[in-house]
There are 2 protein chains.
Amino acid sequence: MPKPEIEYPLALENQLCFALYSANRAMTALYRPLLEPLDLTYPQYLVFMVLWELQRKKELPCKVTLIGNTLGLDTGTLTPLLKRMETKGWLVRERLLSDERVVGIDLTDTGIALKRKAQGIPAKLFCQTGLELNAITGLKKAIEELTCHLRDSDRQST
Amino acid sequence: MPKPEIEYPLALENQLCFALYSANRAMTALYRPLLEPLDLTYPQYLVFMVLWELQRKKELPCKVTLIGNTLGLDTGTLTPLLKRMETKGWLVRERLLSDERVVGIDLTDTGIALKRKAQGIPAKLFCQTGLELNAITGLKKAIEELTCHLRDSDRQST
DNA sequence: TACAAATATATTGTGCACAATATAATGTGT
DNA sequence: ACACATTATATTGTGCACAATATATTTGTA
């Protein structure tokens, strides 16, 4: 992660990976008190953002795989996560008659209603970043480009 | 995370948090094939970086809490992690005679020797980021500043 | 010197991530 | 129509993160 001509490359403070790791944990730590009143974990909030957006586009129900591709998660993570969300009454999981392999995911009224309570979260977090809108946009873009490079490298080595 | 005057603030693509979440997972995914030959997980690699650096400064053995403060991890995470690393023969855990509450952590010869095999990892990852050294340094700095802001906000709300 | 507060680590339980494998349904080629 | 590959999801097992609680030791104080 760090540099080729550095005195001590294994120093923790040289690692971009550790900066990312720390920032990600600090970020989810800030979400936690905002999500706790909604009885949501952070990954569940991500799933809701996907589903609310699909509902807006009238593309529900959707396949589990669509959620997985959008968030980069496999069924080993999603199946139990979606089951917990179903238990909470936020969504329903049902095998399609047209193709029994596929499980269709759809929001319940409760799941749709939860969106109202989540509306204020993005603005609250924006304030807590302590950055200007332009700075955030730029940083997000830089991080997304890094992610692209990393995924390309990953595919190459496979 | 996103913006105050945005048409749809809850869109996934507006979230800085999701960019961070994705980048962090892409990054650890790239480390995995490099660490697997050393039988290391990514968090274990972080612990090793802390310990190797302390050894360089002749500050071993050290307290569990020092590792925890450096990495931002609590004993609920560290105790089992350090036990697994002890089982592998990389370090020893021993209560101090001077203060029986404290567990001293020290590297074994095997743990010290593992450093040689890890030397090449930072350079390999640097190449895979696809970024110039200056770009990485700048991005790391920007992410670290974000982390500072987020932690400040977290402390305030507590 | 008792005794309460503070400190350091450990334990328990939940929920991700992720690898590896399993299961079942659908599609394909002959 | 039948074997075989492909696809979609589920299951199992390991290892973090993190909250909540427990335990044991030391420190400070009346």
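Not a single side chain to side chain donor-acceptor pair (under 3.5 Å) links B:R32 to another residue, sequence neighbours left out. Remark: A:E144 pairs with A:K140 by the side chain to side chain donor-acceptor pair (under 3.5 Å) rule, at least two apart or across chains. For A:K83, the side chain to side chain donor-acceptor pair (under 3.5 Å) criterion is met by no residue, not counting sequence neighbours. Remark: B:K117 pairs with no residue by the side chain to side chain donor-acceptor pair (under 3.5 Å) rule, at least two apart or across chains. Residues that satisfy the side chain to side chain contact (heavy atoms under 4.5 Å, CB included) test with B:D106, not counting sequence neighbours, are B:L60, B:P61, B:V92.
Taking the six-membered ring where tryptophan is involved, the planes of A:W52 and A:F48 are essentially parallel, since the angle between them stays under 30° and well short of 60°.
Among the atoms of the strands shown, none is found under 4.0 Å from any heavy atom of B:L78.
Between the CD1 atom of B:I105 and the P atom of C:dA8 there is a distance of 14 Å, rounded to whole Å. One atom, CG of A:L96, and another, P of D:dA8, lie 11 Å apart when rounded to the nearest Å.
Interface residues of residues 33-47 of chain B facing DNA chain D, ordered by number: B:T41, B:P43, B:Q44; criterion, heavy-atom separation under 4.0 Å.
Contact annotation: side chain of A:T75 to base of D:dA8, donor-acceptor pair absent below 3.5 Å.
Side chain of A:L73, nearest nucleotide from D:dT9, C:dA17, D:dC16: C:dA17. Picking from D:dT26, D:dA17, C:dC18 the nucleotide with the shortest atom distance to the side chain of A:Y21 gives D:dA17. With C:dG15, D:dA10, C:dA8 as the choices, the nucleotide that has an atom nearest any side-chain atom of B:V102 turns out to be C:dA8.
In terms of phosphate contacts, A:K83 brings no side-chain nitrogen or oxygen within less than 4.0 Å of OP1 or OP2 of C:dC16.
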